[in-house]
Amino acid sequence: MATPATAIVNIASLVTNDPSLGDRSFLGLIQDAAVVVEGDHVVWVGESSKAPATDNRVDAAGRAVIPGFVDSHSHLVFAGDRTAEFNARMSGQPYEAGGIRTTVAATRAASDEALSANVAHYLREALAQGTTTFETKSGYGLTVEDEARALRIAAEHTDEVTYLGAHIVSPDYADDPAAYVDLVTGEMLDACAPYARWVDVFCEKGAFDGDQARAILTAGRAKGLHPRVHANQLSYGPGVQLAVELDAASADHCTHLTDADVDALASGNTVATLLPGAEFSTRAEWPNARRLLDAGVTVALSTDCNPGSSFTSSVPFCIALAVRDMGMTPDEAVWSATAGGAAALRRTDIGRLAPGTRADLTLLNAPSHVHLAYRPGVPLVSEVWRRGVRVA
C-alpha cells in the first residue's frame, strides 16, 4: 500500500540548503513555498501554487520553514550539575578543563536509569527548539565499565555516538597518564567500539598532547571509528592540524587558530565546528567565524551541551551568538546549524530539504529564518517534524 503524501503549503520562506533550487543561493531559498513529504522523506519542493495533489495538506500559515537543526557536538550522558563552578567563574575565576572531574564523580555514582532519563530530558528540550539530529559523547565515566555503559545508553537515543574516553586523564591515573592512554587505546576501546561511530579526544593543555591524541585517534580508526577532535579551545596547539592530517570529520571549538591552522582546514575535508555556548558560558575569546568562512572553510554550529562549560541545548541561541559576536551573517549561521552540522557528521540525508532527503523540518513563528538572530531568546519554533512526522 502506498504511503500517503502530505503537502505543507503556504510557507512564507523555505530554506532548502540546495543551491540548485529557489534563488540559487547557498540557502536555496524559495518564497511562497511548499514541501511534499511521503513516508520519512521529502519528495517535492517548490512554489506553493504548483504543489501536486496529495492525500493531506497542512497550512503553514505564512511561517518560515528550515531544515531541522543538526547538533553535531553534545555531552548528554552525565549526572549532577556544576552550578557552583559556574557561579564561581562568573565571579572572576577562570575556566579550566579539570572541572570535568566533578561530573565524572556524579556520573559514576548514577544509575543507568537516571542517566538515560537525563539524556531523554535534554533531547526533548532540544527537540522543542528544532533539533532533529544530534551527536553525543561519553567522557564522564573514564573507566572501562562506565564509558561502555555511557555509550550503550547514548546508542539507545541516537545513531551518532562518540567514544570520548580521552576527555581528560582519569583521576584514577593522575600519576600515570601513559597508562591511561594505554587503557583508552586498549581494553576501554575494545569495550566501547561496538556502541560508537566516532572516536574523539580533548587535545589541549591539561588533557592530551598531540602525540597522545594521535595514538588514541589512530587506535580508534583501526577499530572502525572515525575521528573527530576537541581542538584549540583553550590555547594554540596541534589539535586542528592533527584533525586534518587524520581526515577527522570535525575539529571542534577552533577558538585559537594560526594562519597554518586555517589553511589546513581550508585545504582538507575537516569541518570547523564552532561552539559559541562555551565562549558565552566561560567568558572566553570568541572564535572568528568570519576568518574561517572567508578562507573557504566549511563551518558548523553546535551547542556543546554539557553541564560544565556550555549548559544550553538551544541551537537558536547559538545562532544568535554567532551572528552577534563571531562575524557570521544570519544566512551563514542557519546554514552552519543545519547543513554544516550534517557535514560535520558526514551526512547528506539531513540538513537539507530537497527531494530524497529526510523529512526533518522546523517551522518558525516568523516569516524568515533571519528572525532566529533578529529576535534572540524568543521561542520561535512552532512545530518540528522528524522523519515526516510532527513530533513537537
Using a strict 4.0 Å threshold on nitrogen-to-oxygen distance, state whether Arg291 and Asp259 make a salt bridge.
-> yes
Could you pull out the closest heavy-atom pair between Ala34 and Ala51, with the gap in Å?
-> CB-CB, 3.9 Å
Remaining members of the apolar cluster that contains Leu14, side-chain heavy atoms under 4.5 Å = Ile8, Ile11, Leu21, Ile30, Val35, Val37, Val42, Val45, Val58, Val65, Leu353, Leu361, Leu363, Trp385
With ILVMFWY side chains joined below 4.5 Å, transitively, what does Met90's cluster contain besides itself?
-> Phe86
For the atom pair CG (Leu275) and OG1 (Thr312), what is the distance rounded to the nearest 0.5 Å?
-> 11.5 Å
Does any N or O in the side chain of Thr218 come within less than 3.5 Å of the main-chain N or O of Ala215, such that one atom is a donor and the other an acceptor?
-> no
Does any N or O in the side chain of Thr158 come within less than 3.5 Å of the main-chain N or O of Ala155, such that one atom is a donor and the other an acceptor?
-> no
In short, Leu321 meets Pro276 closest at the heavy-atom pair CD1-O, 3.7 Å
Any side-chain donor paired with an acceptor under 3.5 Å for Glu285 and Thr255?
-> no
Validation row: Glu135, Val161 side chains within 4.5 angstrom (heavy atoms) = no
Hey, could you give me each pair passing ring-ring contact (aromatic ring centres under 6.0 Å, His included) that has a residue in residues 240-272? Not counting sequence neighbours.
-> His73-His253, His230-His253, Tyr236-His256
Closest non-hydrogen contact found for Asn56 with Pro4 is ND2-CB, 4.1 Å
Would a distance-only check, ignoring hydrogens and angles, find a side-chain to backbone donor-acceptor pair under 3.5 Å from Ser368 to His371?
-> no
Over all atoms of both residues, closest heavy-atom pair of Leu217 and Pro227 = CD2-CB, 4.1 Å
Can you tell me how far CG of Leu76 sits from OG of Ser138, rounded to the nearest 0.5 angstrom?
-> 12.0 Å
State plainly whether the residues Arg152 and Asp112 are in salt-bridge range, i.e. N to O under 4.0 Å.
-> yes
Quick one: which residue pairs count as a ring-ring contact (aromatic ring centres under 6.0 Å, His included) with a foot in residues 52-72, not counting sequence neighbours?
-> none
Ion pair Arg290/Glu332, N-O distance below 4.0 Å = yes
Min side-chain heavy-atom separation Leu127-Val384 under 4.5 Å = yes
Could you check if a side-chain atom of Glu125 sits within less than 4.5 angstrom of a side-chain atom of Ser313, using non-hydrogen atoms only?
-> yes
Main-chain N/O of Ala60 paired to Asn10 side chain as donor or acceptor, under 3.5 Å | no
Ser302 versus Val315: any side-chain heavy-atom pair under 4.5 Å?
-> no
Is the closest basic N to carboxylate O distance between Asp159 and Arg347 below 4.0 Å?
-> no
Between Ser116 and His157, a side-chain donor and acceptor under 3.5 Å = yes
Is Glu145 paired with Arg149 through a side-chain N to carboxylate O contact shorter than 4.0 Å?
-> no
Which is it for His226 and Arg346 under the side-chain hydrogen bond (donor to acceptor under 3.5 Å, both in side chains) test, yes or no, and what are the steps along the way?
-> CA-CA 10 Å; His226 202 88; Arg346 299 210 164 159; 3.1 Å; yes
Any residue meeting salt bridge (charged side-chain N to carboxylate O under 4.0 Å, His left out) with Glu47, in chain and number order, not counting sequence neighbours = Lys50
Pairs in or reaching into residues 302-330: which pass ring-ring contact (aromatic ring centres under 6.0 Å, His included), with residues at least two apart or in two chains?
-> Phe78-Phe311, Tyr122-Phe311, Phe280-Phe317
Please assess Leu27 against His369 for the test side-chain contact (heavy atoms from CB on, under 4.5 Å), listing each intermediate value before the final yes or no.
-> CA-CA 10 Å; Leu27 288 185; His369 63 280; 3.4 Å; yes
Looking only at non-hydrogen atoms, find the nearest pair between Ala320 and Leu372 and report the distance.
-> CB-O, 4.1 Å
Gap separating the OG1 atom of Thr258 from the CG atom of Asp261, nearest 0.5 angstrom = 3.0 Å
Is there side-chain contact between Arg63 and Ser382, with heavy atoms separated by less than 4.5 Å?
-> yes
Take Val77 and Tyr140 through the side-chain contact (heavy atoms from CB on, under 4.5 Å) test and state the conclusion after the steps.
-> CA-CA 7 Å; Val77 188; Tyr140 292 128; 5.9 Å; no
No-hydrogen, no-angle side-chain donor-acceptor test under 3.5 Å, Glu160 and Thr136 = no
Would you say the side chains of Thr303 and Asp71 form a donor-acceptor pair under 3.5 Å?
-> yes
Ionic contact status for Arg387 with Asp360, cut-off 4.0 Å = no
Run the salt-bridge test on Arg352 and Asp18 with the 4.0 Å N-O cut-off and return the result as yes or no.
-> yes
Between Thr282 and Arg89: side-chain donor-acceptor atoms closer than 3.5 Å = no
Assess the side chains of Asp182 and Thr185: does a donor N or O sit below 3.5 Å from an acceptor N or O?
-> no
Approximate separation, where rounding is to 0.5 Å, of Leu345 CG and Arg228 CZ = 5.0 Å
Any side-chain heavy-atom pair from Thr54 and Arg57 closer than 4.5 angstrom?
-> yes
Check the pair Arg197, Thr162 against side-chain contact (heavy atoms from CB on, under 4.5 Å), reporting the backbone distance first and the verdict last.
-> CA-CA 6 Å; Arg197 181 183 178 201; Thr162 300; over 6 Å; no
Between CE on residue Met328 and CG on residue Leu274, distance to nearest 0.5 Å = 6.5 Å
Is there side-chain contact between Pro67 and Asn17, with heavy atoms separated by less than 4.5 Å?
-> yes
Are the side chains of Cys254 and Pro287 in touch, meaning some heavy atoms are under 4.5 Å apart?
-> no
Decide side-chain hydrogen bond (donor to acceptor under 3.5 Å, both in side chains) for Thr133 and Arg386; before the verdict, give the C-alpha distance in whole Å, the side-chain angles of both, and the deciding distance to 0.1 Å.
-> CA-CA 9 Å; Thr133 301; Arg386 186 165 58 191; over 6 Å; no
Would you call Asp172 and Arg108 a salt bridge, using N to O less than 4.0 angstrom?
-> yes
State yes or no: do Leu293 and Leu265 share one hydrophobic cluster built from I, L, V, M, F, W and Y residues joined by side-chain heavy-atom distances below 4.5 Å, directly or via other members?
-> yes
So Asp252 and Ser250, side-chain hydrogen bond (donor to acceptor under 3.5 Å, both in side chains) or not? Walk me through it.
-> CA-CA 6 Å; Asp252 298 33; Ser250 183; 2.4 Å; yes
Are Val297 and Leu242 connected in a single hydrophobic cluster, I mean Ile/Leu/Val/Met/Phe/Trp/Tyr linked by side-chain heavy atoms less than 4.5 Å apart?
-> no
Would you sort out whether Trp198 and Leu225 count as a side-chain contact (heavy atoms from CB on, under 4.5 Å), showing the intermediate values?
-> CA-CA 5 Å; Trp198 307 98; Leu225 306 182; 5.8 Å; no
Could you give the distance from CG (Asp209) to CG (Asp211), rounded to the nearest 0.5 Å?
-> 5.5 Å
Taking all atoms of both residues into account, what is the closest heavy-atom pair of Leu301 and Cys318, and its distance?
-> CD1-O, 4.3 Å
